[in-house]
Trainee: 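Please find one structure pasted underneath; my questions will follow.
Chain letters run A, B, ... following the sequence lines, proteins first, then strands; residues in each count from 1.
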Amino acid sequence: MARKSFMYSVLEAVQHEMRQDPNMIWIFELTAPVASTPGRPVINLEREFGRKRVVNTGIDENWMAGCVLGAGLAGSRAATYIPYQGNCMCFQMLQNHAGKLRSMTGGDAEMPVVFILEMTGQTPGFAGQHSDYEIDTYYAHIPGLKTVVPSNPTDAKGMMVSALRDRNPVAFLYPAGLRDLIEDVPDEPYTTPLDKAAIRSEGSDITIVGSGGGMPEVLKATELLKSQGMKVETIDLRSLKPIDTATIVNSVRKTKRLLTVDQSYYTLCPGAEVIARAAENVDGARFKRVAFPDAPPPAAPEMFLWMRPNADHIVAAAKKLVG
Amino acid sequence: MARKSFMYSVLEAVQHEMRQDPNMIWIFELTAPVASTPGRPVINLEREFGRKRVVNTGIDENWMAGCVLGAGLAGSRAATYIPYQGNCMCFQMLQNHAGKLRSMTGGDAEMPVVFILEMTGQTPGFAGQHSDYEIDTYYAHIPGLKTVVPSNPTDAKGMMVSALRDRNPVAFLYPAGLRDLIEDVPDEPYTTPLDKAAIRSEGSDITIVGSGGGMPEVLKATELLKSQGMKVETIDLRSLKPIDTATIVNSVRKTKRLLTVDQSYYTLCPGAEVIARAAENVDGARFKRVAFPDAPPPAAPEMFLWMRPNADHIVAAAKKLVG
Amino acid sequence: MTARHDVLEKDSRDRREPAATRRTFLRGIAGAGAAVSLGSQAAWADGEIGFWAKDLGPDQLIHMYTTIQRIRWFERTCADKMLTEPNYRGYNHFYVGQEAVAAGVSAALKNTGGIMEADLVYSTHRPSGHAIAKGVDVRKMAAEYEFKATGLNKGYAGEMHIADKSVGFMGADGMIGPGPVIATGSAFAIRARGSKQVVVNYGGDGTYATPHFHSTLNNAALLKLPFIYVLENNLYHQYAHYSYSCPMKDIAVAAKTYGIPGVVVDGQDVVQVYNAAKEAVERARAGEGPTLIEAKTYRYYNHWGAPGAKPGELGAFGYDPLAITSFRPERELRAWMSRDPVDISRSTLIAWKVFDRAKADAIEAAAKQEMIDAFAWADKQPTAKPEDGLKHVFVEGEVAARQFG
Amino acid sequence: MTARHDVLEKDSRDRREPAATRRTFLRGIAGAGAAVSLGSQAAWADGEIGFWAKDLGPDQLIHMYTTIQRIRWFERTCADKMLTEPNYRGYNHFYVGQEAVAAGVSAALKNTGGIMEADLVYSTHRPSGHAIAKGVDVRKMAAEYEFKATGLNKGYAGEMHIADKSVGFMGADGMIGPGPVIATGSAFAIRARGSKQVVVNYGGDGTYATPHFHSTLNNAALLKLPFIYVLENNLYHQYAHYSYSCPMKDIAVAAKTYGIPGVVVDGQDVVQVYNAAKEAVERARAGEGPTLIEAKTYRYYNHWGAPGAKPGELGAFGYDPLAITSFRPERELRAWMSRDPVDISRSTLIAWKVFDRAKADAIEAAAKQEMIDAFAWADKQPTAKPEDGLKHVFVEGEVAARQFG
Ligand SMILES: Cc1ncc(C[n+]2csc(CCOP(=O)(O)OP(=O)(O)O)c2C)c(N)n1
Ligand SMILES: Cc1ncc(C[n+]2csc(CCOP(=O)(O)OP(=O)(O)O)c2C)c(N)n1
Ligand SMILES: [Mg+2]
Ligand SMILES: [Mg+2]
């Protein structure tokens, strides 16, 4: 156990699996596969495994995704880290190939591969292409691809081990806005399921559902609301495909109030799917969404920070829904 | 007025606008811009306007989309017809450029362009990449891009005229499964709004919402249900971005029953957004979705036709919801 | 200039001398507008270009001829079914005319041992020939084309996505572009794990203009991958001549940018194809990196299905749908049919005394019968169960039905 | 080998003869590992290569020098603010070191008349130099970098997406790849409407490996578009040397595949850049199609921001973050700084007697003051209104707030 960042936790999982499996490869572009944390050895995948197995490439994320896909089809486990600027450059590769090849071949094709898709840090000032948070929806709509979005280092490590051991292709969304989260994470490998939401707080007044980059503000809001006496049940989706319907529906059956929180654009954000599943299964509940408006994020911090859902927004929306 | 197919109606609109505007260009790949209908002249854009304005290219849909985008930015109206196989090859171009450039430049960039994105004919036997119906969700999540999906030749023509005259980029989804629909369509140009759903049937027992390629079966089911005495209000979304919330909410306030129908995969299908909007705004309603399962369509017609929502499925689901 | 209609038809070209036959090919190439790289022409002028495929014994040569015949008759049987049986549900992007390419390439590959040992082949939307040459079971293929539950891919694939890992046939892919990129990924994995496999990617002239073409060759060259891009230039993508999308005559010259060999080869001559493939495979296995082979060839049918074809006859003529920008001229097709890969391989082997005409005919007759039997077997197979559509999305389990609400 | 720290510092190279100076450049090029195409070297050997830019009068030459100085001081002012003012919110991908490229290119373009008349420039994530050379208002740029409501793009853009149609500056684009494709679309529209404009696309060495590179050149060549790809090869993309993504030394050789001119030019010498651009522009305007110009150049700062830099000093040294695969050696940077575009243009113009040192210094001082004033003006501008974030999504209206539930 040591304090580890998201990236250190992820690379620790990768390092362990690559040590076990001499065939496994890793393709990177901008972000050298290196991480350090006080008291633990520096992880440098490139140095440890050599440039035959771990290689950086030109700026061609579509090739990176295609490369690991082809490696997987040929029987080698493979993973790639796609920087956020390229996370839609490779979209078609996942949508039309990774997600469909098993079905199209009647089960002949097998793809034990992980696509780590960085989402922007949503840094104020970066604007549009460099501040958006939107790919959760695009990737979660793809069938045949498991799409997960961990929200803390502990889940990140466990889900990365699970993803690397999965015989299906996994889109592992990494909200780079979480890169500063640091917490105690076990040193040995462990698995965390890829299809289960996590209940972060139990309560009976309202269900709040969030995921990925939005979770820190959701958790902050949860504490604020609880300190004001509201019994909040807070769910972290963790997996977007498949979505853990049972956990959501059971909770909303109890609370009859569902608030979803997304940093993704409002229209067709993951919360829309969560609400739809609850509404199909629970009568008489009330629903509300908090999400980023249907607008690209402008550069000016004044505009951007006003638009991005935060704990205050969540608290106010929850009170409206419960009150 | 003459009987016209979807394609003839669309090309009639394009032809008219290109005659008005000598700068307008059209890029095609597989589907030569030609259509005919009995009693009306053959439309051949390539022949009429010449290969400087109307050109086919290599198999590079990303270039086609980028080309019209660049034309629009340079002040020329432009449109392209992307075959269904390439409708995600150009995804990033629309997602990261067409949808964001106006915002990112604070309104400096203007893109009077139309991307006609063919969706597969969903022909049984074609499988996976050649039978899917899924891009409605991907494109509708993009901000700054108007995304429409007409379901008949009359709307197709009016909405194409509107799209070509719009100063914003428009993703015009063309479900090729509708290519056999033929109906009387006016010869002169007319506009149809890009942001209004159409109420295809009025009723008070249930609201059924569909769009695009699913509409023929929705309309068939509507007639069947009406013949059995159910008062069905049927809505054709037509526009997915923006979604006409008012029409949906008003209807569900009245019927308190909402059934959505999609040929898109279940998770994050347009119906999820429709249900979420209704559920946020109407208390005490009941909801149900009919959609394609979260699976790529298999080739075998036995499997594919069983999986694709049809009028029988819709009728049964409506009865369950109302009964 | 007449098309071969049937195995029993006596073809006078059987009696030609091989040298004369070779000259005919060369004239044919010039006449039909195909090009041969200067390098090869110079080698030909020297008279010694490995044309004789000295490393191949009679069995291997006969196997190549047999492969050509099996592809030919798989397809002709399929075409005839499409033309004569209204209830036949299969379809095909016919490979007829290009058989020597797949037969020659696969003869240079290891075709057994599964994905960890066999050489791997990535195919296209036009897969029959590539698959048969790689060793895929034709009965299961025929059943798959009819979407049968016992088909090669249980009815999920149809023609356009057949795959069979067991022989290293990684699958057809209906998209133009991504396949070659994915194939380089397999080559990367092979290099990383140090196995001796090579990866062959087939692609048409249509793949040249895709952005993926550049990614594929650039990364294969940079990383010295064991990768061979066999570009079958049959002059058309769908109904557009390749000059609409490619500014140069020989696509193989694109190899120069990446500093890798770019080879133009007569795709109608299985021995020439074999020689080029053999050299590329050796290079790849030795860790020397990729090769781009451009095979000049032609398809006798239209892009898809059998429009314009007649039952029992070879090729499709006269089909010219409305408004096609550059539809191929019939005389172009007839010129190419006069350099038929079946005829060329047959007369070469007869001239080399590898077999005689009787043996050649017998092989053809057997191939024809095999395919008739395969399609008959396929006809009788059970159709897919509707509910099985929810399977094979993930390795485990099945997804939920959602169509019922 | 010393860096220029200030306009007042006396630089001994001012007194050199131009011929000697030219020799120094050539040695510098060799020493720093940059390459010049054989063609140009032969021409240089002949002594007559348009080096003298005979078609440019003194005013135009002085304008080019002034542009270089304005870019230099815009950036140095910005860097100093980043280094010394903790509350300064702007950032920059510094262009310093590459100024001669943008200055030389824009001197060959028409920079007025808006999108229907001006020549159009597509820029990158490193836009300051391209924008200033194209004529964008530096005060509004400075304000935009600080996200001010009165900035060039009202605070929506920041540095990475600035655009100004009025001078034909089509905008920065933070993505690597798509920009050149979009730029060819503008060129297509121009050819279709028959206007005489040309389109210039800037791209780094990083753009070579993108799949879009192939699309761009292939389509521009096929359609003979009035298009110029200025590839600024500054040796690195982020912290990776371009040899990691490109198998050849001169990226310009890729032009051969497409049958278009590929020109390598010394990007530190504004006159050389101008000459190459001029020729390409004439070609494009005459309907003869595209040109690929590779300008060998170098940036004095790191990829992004000012890490490693010191206030008042030029360049960034010693910044080597953890685990960078190929971080540039300091002596490489110092070698390139010895061929500084400011020095080269300055001593060239002095040697040509276009101006004297006093005039050169005065221009530099004025440029410096202009930029100090511009940033001071920017500081005082109002910040953006939060609710305005809902605007400029579409031409009309605004979108709904959704963050409040
Ligand atoms: C991305 C994409 N765009 C368009 C198509 C439609 N399409 C199918 S086959 C084909 C032509 C391919 O031509 P070529 O590569 O020369 O192969 P050939 O058919 O000649 O064997 C096209 C355009 C596709 N499958 N994928
Ligand atoms: C598609 C994409 N992938 C990655 C990035 C991240 N990125 C920003 S700038 C850059 C390097 C570009 O290098 P080059 O083209 O040589 O331009 P330079 O920075 O040297 O001016 C990269 C990789 C990006 N912007 N877009
Ligand atoms: Mg072809
Ligand atoms: Mg660079």
Trainee: Determine the option with the most heavy-atom pairs under 4.5 angstrom with chain C, choosing from Gly125(B), Ala127(B), Pro124(B).
Mentor: Gly125(B)
Trainee: Looking at Gly151(C), Ala157(C), Pro386(C), which has the largest count of heavy-atom pairs under 4.5 Å with chain B?
Mentor: Pro386(C)
Trainee: Quick check: under 4.5 Å, non-hydrogen atoms only, which of residues 292-303 of chain B neighbour chain C?
Mentor: Phe292(B), Pro293(B), Asp294(B), Ala295(B), Pro296(B), Pro298(B), Ala299(B), Ala300(B), Pro301(B), Glu302(B), Met303(B)
Trainee: Spell out, as yes or no, whether a donor-acceptor pair under 3.5 Å connects the side chain of Tyr266(B) to the backbone of Ala400(C).
Mentor: no
Trainee: Please output the residues of residues 313-323 of chain B in contact with chain C, using a heavy-atom cutoff of under 4.5 Å, in numerical order.
Mentor: His313(B), Ala317(B), Lys320(B)
Trainee: Which distance, rounded to the nearest 0.5 Å, do you find between the OH of Tyr156(C) and the CZ of Phe304(B)?
Mentor: 14.0 Å
Trainee: Rounded to the nearest 0.5 Å, what separates atom CE in Met175(C) from atom SG in Cys88(B)?
Mentor: 9.5 Å
Trainee: With a 4.5 angstrom heavy-atom cut-off, which part of Phe126(B) approaches chain C: side chain, backbone, both or neither?
Mentor: both
Trainee: Using non-hydrogen atoms only, which part of Tyr91(C) is less than 4.5 Å away from chain B: side chain, backbone, both, or neither?
Mentor: side chain
Trainee: Pick whichever of Cys246(C), Gly206(C), Pro211(C), Gly177(C) has the most heavy-atom pairs under 4.5 Å with chain B.
Mentor: Pro211(C)
Trainee: Using a 4.5 angstrom heavy-atom cutoff, name the option from Arg308(B), Gln85(B), His130(B), Arg289(B) with the most pairs to chain C.
Mentor: His130(B)
Trainee: With a 4.5 angstrom heavy-atom cut-off, is it the side chain or the backbone of Lys154(C) that approaches chain B, or both, or neither?
Mentor: backbone
Trainee: For Lys256(B), does the NZ atom have more than 12 heavy-atom neighbours from other residues, nucleotides or ligands under 6.0 Å away?
Mentor: yes
Trainee: So which residue, Pro178(C), Ala149(C), Gly174(C), ends up with the most heavy-atom pairs under 4.5 Å with chain B?
Mentor: Gly174(C)
Trainee: Hey, what do you get for NE2 (His212(C)) to CD1 (Ile59(B)), rounding to the nearest 0.5 Å?
Mentor: 11.5 Å
Trainee: Does a side-chain heavy-atom distance below 4.5 Å link Met307(B) with Leu390(C)?
Mentor: yes
Trainee: How far does CG of Asn56(B) sit from CD of Gln238(C), to the nearest 0.5 angstrom?
Mentor: 11.0 Å
Trainee: Mind ranking Ala384(C), Gly90(C), Gly158(C), Ala401(C) by heavy-atom pairs under 4.5 Å with chain B and telling me who comes out on top?
Mentor: Ala384(C)
Trainee: Would you say the side-chain atoms of Gln403(C) pair up with the backbone N or O of Asn310(B), donor to acceptor, closer than 3.5 Å?
Mentor: no
Trainee: Checking Lys385(C) against chain B: side chain, backbone, both or neither under 4.5 Å from a heavy atom?
Mentor: backbone
Trainee: Can you tell which part of Glu387(C) gets under 4.5 Å to a heavy atom of chain B, answering side chain, backbone, both or neither?
Mentor: both
Trainee: Look up atom NE2 in His161(C) and atom CD in Gln129(B), then write down how far apart they are to the nearest 0.5 Å.
Mentor: 4.0 Å
